Every structure is written in C-alpha cells, then in structure tokens.
Enquirer: 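What follows is a single structure, and I will ask about it in a moment.
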Amino acid sequence: MWKRKIPIRLGLSIFGVEILSNNDIIDPTSPSAQKLAEEARRTAENETGWDRLKAIFKTDEFNSVSPELDSTFAAAAGGLLAGMIIGGIPASKLAHEDFITRNKASTFENHIEAKSKLQFNVTRAMVVGGWRVGWRLALFTGGFTFFTTAVSTYRNKSSIFEFSAGGLLAGSMYKFTMGPKAMVSGGLAGGVLGTVAGAVTVGLLKLTGTTTEELRYWRKGWKESQNRY
C-alpha cells in the first residue's frame with residue numbers, strides 16, 4: 001500500500017491531466033525507495049493516534065520543532081503581520097487627521113517640531129492599533145491551524161470535520177475573555193469559516209490525488225533533508 005502512496009513524481013494533475021510536473025523522478029524499484037517504503041509502512045502500522053499527536057511536540061536531533069508546529073507558528077506570524085497592517089493603517093490615518101484638527105490653532109517653534117510631533121503620534125497610533133488587531137488575528141490563525149492539524153494528525157486523514165472543529169475551537173478561544181455567550185458566537189463563526197476552508201482544502205486534495213498521510217510524510221521528509229544541510 002505504501003509503495004503506491006509514496007510520491008514518486010511530484011507535480012499537479014487534475015482529472016488525470018498533468019498540469020505541473022517535476023523532472024526529478026525516483027525509481028520505485030531502487031533499494032533506497034523500497035527501504036523508504038518499508039519504513040513508512042511499518043511506522044503506519046505501529047503508530048496510534050496518540051503517538052502521532054505526541055510527536056507534534058517532540059524535537060528532532062537538531063532541536064527543530066515538528067512540521068506541524070512549524071505550520072502553526074507560520075500561521076500565527078502571518079496573522080500577526082496581517083493584523084498589524086489591517087489595524088495599523090486605519091489607526092494611523094485617524095491619528096493624522098486628529099492631529100491636524102486639534103492643532104490648527106497651535107503654534108510650533110518651526111515646521112520640524114510640528115512634523116516630529118505628527119510623526120510620533122501617527123507611529124504610536126499605528127503600533128497600538130496594529131497590535132490590538134494583530135495579536136487577536138495571530139491567536140485565531142495560530143489556534144485554528146494547531147487545532148485543525150492536531151485533529152487531522154490524530155485521525156491521520158483530512159476531512160471537512162477537522163477544519164470545522166478547528167474553527168470552532170479557535171473561535172471560542174478567541175472570545176474566551178468575553179464570557180460564555182461570546183465564546184458560543186465566536187465558536188459558531190469560526191466553525192463556519194473553518195467549514196469553508198475545509199471544503200476548499202479537501203477539494204484541492206481530491207483534485208490532486210493527495211492524502212493526509214502523504215502530506216505528513218512529505219513534510220517530515222523535507223524537514224529532515226533541510227536539517228542535513
């Protein structure tokens with residue numbers, strides 16, 4: 001089974017038509033490929049859901065985190081960056097307009113002092129407004145990615161259910177400080193978003209003929225190869 005599932009040629013095909021291809025072809029009959037397939041088969045037969053889940057929190061011999069946690073950190077960092085932009089730009093514009101309005105009748109020693117105070121107010125507003133949105137978005141995207149990955153890793157397959165559950169948990173966590181009612185509404189909103197994201201992701205997996213087992217295998221193999229160099 002695993003000999004058929006190990007990617008021999010990486011690329012993208014839709015309905016049997018190859019769209020993207022990779023010329024780096026591995027001979028499936030070679031000793032290295034057969035040894036790799038046998039190791040993957042033994043691992044798949046012996047590991048349980050809890051084994052896979054615990055492996056997420058383990059580091060390798062190079063003290064690198066697992067690909068699953070890598071994805072979580074990357075999603076959180078992306079959410080933080082997006083939130084800083086989304087929250088920072090409007091806040092800086094408001095601060096600029098407010099400074100101009102409040103200081104129309106003010107007298108400054110020179111235009112340099114005026115520009116300096118304006119720049120300070122705009123920068124401070126951008127940082128504060130960006131952080132206010134950024135940490136929340138980072139929490140949601142990181143939580144959604146972690147919960148989705150954890151459930152998918154435990155079940156060793158991907159379906160819309162994992163994304164719905166991840167969105168539900170992330171949305172509830174996002175609204176945790178606002179009380180039970182807010183947690184319920186946040187969870188429902190997150191569940192809807194997760195379901196939509198899951199439908200798109202699972203659809204793409206089916207179109208490309210890829211499975212979750214293969215994705216886990218590729219990510220771990222890629223991580224190990226990166227650490228060797």
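All values derive from a computational prediction rather than experimental measurement.
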Enquirer: Any link between Phe161 and Leu53 through a network of hydrophobic side chains (Ile, Leu, Val, Met, Phe, Trp, Tyr) touching at under 4.5 Å?
Expert: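 No, Phe161 and Leu53 fall in different hydrophobic clusters.
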Enquirer: Please give me the minimum heavy-atom distance between Asp70 and Val65, naming the atom from each residue.
Expert: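 Here Asp70 and Val65 meet closest at OD1-CG2, 3.4 Å.
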Enquirer: OG/Ser71 to CZ/Phe146 distance, rounded to the nearest 0.5 angstrom?
Expert: 12.0 Å
Enquirer: If you round to the nearest 0.5 Å, how far is CZ of Phe144 from CG of Leu168?
Expert: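 If we round to the nearest 0.5 Å, Leu168:CG and Phe144:CZ are 11.0 Å apart.
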Enquirer: Under 3.5 Å, is there a donor-acceptor pair between the side chain of Thr72 and the main chain of Thr145?
Expert: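 Checked: no pair found.
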Enquirer: Return each pair, listed once, that meets side-chain hydrogen bond (donor to acceptor under 3.5 Å, both in side chains) where at least one residue sits in residues 85-96; pairs must be two or more places apart or across chains.
Expert: none
Enquirer: Could you go through the side chain to side chain contact (heavy atoms under 4.5 Å, CB included) check for Thr149 and Thr153 one step at a time?
Expert: CA-CA 6 Å; Thr149 303; Thr153 300; 3.8 Å; yes
Enquirer: Look at the side-chain heavy atoms of Ile, Leu, Val, Met, Phe, Trp and Tyr, link any pair under 4.5 Å apart, and say whether Tyr174 and Ile86 land in one connected group.
Expert: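 No, separate clusters.
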Enquirer: Ignoring hydrogens and angles, tell me if any N or O in the side chain of Thr101 forms a donor-acceptor pair with the backbone of Glu97 under 3.5 Å.
Expert: yes
Enquirer: Side-chain donor-acceptor pairs under 3.5 Å in residues 124-131, sequence neighbours left out?
Expert:
unit_1 : atom_1 : unit_2 : atom_2 : d
Arg124 : NH2    : Asn121 : OD1    : 3.3

Enquirer: Give a yes or no on whether Leu169 and Ile160 share a hydrophobic cluster (residues Ile, Leu, Val, Met, Phe, Trp, Tyr; joining criterion: side-chain heavy atoms under 4.5 Å apart).
Expert: no
Enquirer: Whether the Gln119 and Thr123 side chains hold a donor-acceptor pair (N or O, under 3.5 Å, no angle test) is what I'd like checked.
Expert: yes
Enquirer: Show me, pair by pair, the donor-acceptor contacts under 3.5 angstrom made by side chains of residues 179-201, not counting sequence neighbours?
Expert:
unit_1 : atom_1 : unit_2 : atom_2 : d
Ser185 : OG     : Lys181 : O      : 3.4
Ser185 : OG     : Ala182 : O      : 2.9
Thr195 : OG1    : Ser164 : OG     : 2.7
Thr195 : OG1    : Gly191 : O      : 2.7
Thr201 : OG1    : Ala197 : O      : 2.9

Enquirer: If the plane angle is over 60° it's perpendicular, under 30° parallel, otherwise tilted; pick one for Tyr154 and Trp50.
Expert: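 It falls in the perpendicular class, over 60°.
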Enquirer: Look at the side-chain heavy atoms of Ile, Leu, Val, Met, Phe, Trp and Tyr, link any pair under 4.5 Å apart, and say whether Leu139 and Phe147 land in one connected group.
Expert: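 Leu139 and Phe147: one cluster.
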Enquirer: To the nearest 0.5 Å, what is the distance between CE on Met84 and CZ on Arg132?
Expert: 11.0 Å
